[in-house]
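Presented below is the structure to which this report refers.
As the structure is a computational prediction, the values presented were derived from the model and not from experiment. Chain letters run A, B, ... following the sequence lines, proteins first, then strands; residues in each count from 1.
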Amino acid sequence: MNLTEEEKRIAVEQTRNILQGFSGGRGNLIPILQQVQEKLGYVPREAMEEVAQYLGIPAVDVYSVATFYNQFRLIPPGKHQIKVCMGTACHMKGGNIILDCWKRRLGIDVNQVTPDREFSLERVACVGCCTMAPVTVIDEEVHGKVTPTRVDGLLFSFGVKIPKGQQKEGEAVEQQ
Amino acid sequence: MKTVTLTIDGRTVQAREGEKLLWAALENGIYIPNLCAIPGVKHPAAACRLCFVEIEGYPRPVTACTEPVVEGMVVSTRSPRVDRLVYTAFELLLSNHRLDCASCPRNRSCELQRIARERRFSLRVKRLRKLERNLQVDDSSPVVRYDPGKCVLCGRCVWACREKGTGVLGFARRGFERKVTTFGDVPLGQSGCNGCGECTRVCPVGALTGKEA
Ligand code: SF4
Ligand code: SF4
Ligand code: FES
Ligand code: FES
């Protein structure tokens with residue numbers, strides 16, 4: 001996933017603005033990253049580099065914190081954000097199979113976005129609808145009892161067409 | 001500098017006041033398993049949980065790398081409780097370790113092998129399920145080879161890289177995914193690593209090794 005030059009420029013600019021409100025030193029790292037994410041919707045590496053330089057710490061330490069906490073996302077969100085529940089109930093009900101379906105259909109891994117920026121994929125902890133397990137949340141809307149065919153159906157509702165020959169694949173997973 | 005006298009496993013030894021017990025023992029030829037300890041570091045990470053000892057008057061075993069020596073201290077490096085703790089920590093480390101000693105560059109000079117020898121552990125995972133991390137070897141640097149599948153996350157390389165190298169190494173993610181890596185997970189060869197090789201000199205296992213050897 002590559003950012004456009006424009007996106008990079010904005011990231012650097014906004015980060016610099018945010019940094020003005022902070023003094024140097026490691027202690028401010030998390031509040032800074034939170035503000036960057038609030039502003040940009042994610043924390044790109046260009047922003048992390050700016051922050052590291054400003055605080056006078058190795059860039060890898062910023063990366064370390066940004067990857068440690070689930071609250072930070074390092075890639076821009078897709079137009080549609082797909083969150084697959086991996087809580088206990090959903091796990092028991094085959095949440096990983098559903099996650100695999102999304103991965104395969106979108107051709108991306110967890111915490112990635114499709115090249116056209118239409119969909120991003122995440123795994124989340126219990127979203128509080130365990131009776132509907134396995135659950136996928138798309139743009140705040142909860143979808144329960146998801147099956148591989150339902151994954152295809154949901155994608156279809158967003159205008160994604162699954163080529164005929166490939167449909168079997170999802171169904172085969174369902175029967176396992 | 002003041003010295004204190006203490007007893008470790010029935011032997012009377014001298015140590016500098018305030019020194020950590022682990023170093024006092026090692027300097028006197030008494031081995032205590034350890035992976036994450038770094039001489040001279042003020043705040044030990046105490047992450048590997050291998051250096052447990054019993055100290056008389058303490059309710060439970062403590063990590064020797066964090067415990068300053070005290071005059072008259074009576075230490076024993078072994079007890080059923082210590083052995084149990086250390087064995088469990090050791091087995092946990094092995095449970096996601098790419099065990100492949102025969103073709104490992106550190107075969108015979110590896111700290112895991114040493115711990116196994118000293119404590120008569122077998123280098124096998126018996127009670128736990130093996131969870132291999134599917135991690136690629138990073139061969140991009142002309143001088144350093146990094147096999148994350150063998151890393152025990154001791155942090156020594158991160159420290160060495162900061163002290164003597166360019167400071168490109170660090171930890172990322174957490175839990176099972178935790179890994180020693182570079183900014184943005186770029187290969188070492190493109191990370192700003194200057195090839196000083198300091199990390200390979202402190203790595204206790206076969207994770208970071210020099211290529212010339
Ligand atoms: S790091 Fe040590 S235990 Fe692991 S494979 Fe190499 S020699 Fe064996
Ligand atoms: S690469 Fe070696 S020195 Fe670095 S954390 Fe892993 S085991 Fe320790
Ligand atoms: S575990 Fe998925 S909604 Fe509770
Ligand atoms: S050496 Fe003490 S915890 Fe690692």
Within the supplied structure, the quantity of interest is the number of heavy atoms (other residues, nucleotides, ligands) at a distance under 6.0 Å from [X] [atom1]; does it exceed 12?
X: K103(A); atom1: NZ; answer: yes
X: R127(B); atom1: CZ; answer: yes
X: K20(B); atom1: NZ; answer: yes
X: K130(B); atom1: NZ; answer: yes
X: Y31(B); atom1: OH; answer: yes
X: R16(B); atom1: CZ; answer: no

Go through D185(B), T182(B), V168(B) and name the one with the most non-hydrogen pairs under 4.5 angstrom from chain A. D185(B)
Heavy-atom closest pair, residues [X] and [Y]:
X: R173(B); Y: T67(A); value: N-OG1, 2.8 Å
X: F171(B); Y: S64(A); value: O-OG, 2.6 Å
X: G167(B); Y: P58(A); value: O-CB, 3.8 Å

Engaged part of T181(B) at the chain A interface, taking heavy atoms whose separation is under 4.5 Å: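 Backbone plus side chain of T181(B), per the 4.5 Å heavy-atom cut-off to chain A.
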Under 4.5 Å from any heavy atom of chain A - which part of V180(B): neither
Roughly how far, to the nearest 0.5 Å, is the CD1 atom of I57(A) from the CZ atom of R162(B)? 9.0 Å
